[in-house]
Amino acid sequence: MFNALIETSGEHRKELDALRAAVQRIERHLHQHHHIARLMRRDGCTADGRRLVVQCKRFAP
């Protein structure tokens, strides 16, 4: 639906393209967080009322 809106909107196309890119970045970021949380739960890590801090590093492309 968002893509259709962009295709029909000539006047604000650049702004809508930028907004779509921002939404896609946020979706990727949220997906990565969900994936890390799943791995932590799988490996027995539970929050049990305490705050957890996790640092993820990416060495491969």
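Just so you know, these numbers use all the heavy atoms, side chains as well, and skip hydrogens, waters and symmetry mates.
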Hey, what do you get for CG (D43) to CZ (R38), rounding to the nearest 0.5 Å? 12.0 Å
side-chain hydrogen bond (donor to acceptor under 3.5 Å, both in side chains) partners of H33, counting only residues at least two apart: H29
Partners passing side-chain hydrogen bond (donor to acceptor under 3.5 Å, both in side chains) against R42 (at least two apart in sequence or in another chain): none
With ILVMFWY side chains joined below 4.5 Å, transitively, what does L30's cluster contain besides itself? I26
For the CD1 atom of I36 and the CZ atom of R41, what is their distance to the nearest 0.5 Å? 11.5 Å
Does this structure show an ion pair linking R20 with D17, if we count only N-O contacts that are shorter than 4.0 Å? yes
